[in-house]
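Taking it in order: structure first as structure tokens, then the write-up.
Order of appearance sets the numbers: ligands from 1, and atoms from 1 within every ligand.
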Amino acid sequence: MIWTELSNLIAESNSFLICSHVSHDADNIGSQLSFFWYLQSLGKDVEIFNVDTVPRKFQFYKNVDKISNVEPTRRFDVFAMLDSSNPARSGWDKATTIADKMIDIDHHRDNSLFGTVSCVDPTAAATCQIIYRFFKENNIDFPEYVAEALYGGILADTGGFQFDNTSPEIFEIAADLSRRGVNTAKVYKKLYASNSIAGLTVRSIVWSTLKFYENNRVGIMVLEEGILEKYGADRGDVEGMSDMAMTAEGVEVGIFAKPIGSEIRFSLRSVGKVDVGTIATKFSGGGGHRAASGCTSVGLSLDEAVTKLLSLISSEL
Ligand SMILES: [Mn+2]
């Protein structure tokens, strides 16, 4: 990993805007908060901007209120895009023009290496794992709340140490973060076992939309527009549901569709045979891993977008 180049770019720059992909998850939150802490510890001028507001379930993280969704009006020396294959994943049209230089720290295999400095390792389970390595290998001593943020990202992106990206290194990092004082049971409870009544109600509604296609090899669930608002839930309440459809026996691909205005956001999950990362690139802002990806369909109805997705998937089944 080219830590020297990263350190040099940080040393020669003063102002930084940290950003990440739409649809928050614990890895993008954890990597942004830990990198924010690091830059601030060096006395840098740092802001975080994300298009989406931070869901309720992530609100326990210290400094999470530093993640703003108010578009910055000034320029920065460096735009640091974390946990994202490309700047378009931010959902923000100024991502490539807000600064002259870019930092790209990510673990998605389709990362376009868009950074002035790109620290990309597709074999890493989480961006938080890469940031942990940066801290560890450069003897950067970080506080307990940063360890907590890193742990949450690693916990989530390994599916709670259950996906096949769960390596010996992951357990070693988890052990180190635990020794640094992270309350691992608390992080689990906050991320996975703190449902609101509204959240569980909305989940039951989403479950009721489950349908199977392609001889029961594709499962699709839909979060209809307005449901979250109607029940007082937020996007965090349905996060992770994309993993559920593909747990049905015989299902190869799970799809979670979220229509918003003229757009439909899709989360795609594959058991193995179908490369949903490549399929996602056929839509705008699409990208991700072979087994887990996301994309946005613009201008198509839900039926049209699903038909397009199913035809792409069926050619690989
Ligand atoms: Mn990630």
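With the Mn ion (ligand 1) as the vertex, OD1 (D83) and OD2 (D157) define an angle of 170°, rounded to 10°. For the pair NE2 of H107 and OD2 of D27, the angle whose vertex sits at the Mn ion (ligand 1) is 100° to 10 degrees.
Less than 6.0 angstrom separates the ring centroid of F171 from the ring centroid of F161.
Looking only at side-chain heavy atoms (C-beta outward), F79 and F16 stay at 4.5 Å or farther from each other.
Side-chain N or O atoms of D106 include none that pairs as donor or acceptor with a backbone N or O of L82 at under 3.5 Å.
Taking backbone and side chain together, D106 holds no N, O or S atom under 2.8 Å from the Mn ion (ligand 1).
Relative to the six-membered ring of F212, R217 misses at least one condition, a distance below 6.0 Å or an angle of at most 45° to the axis.
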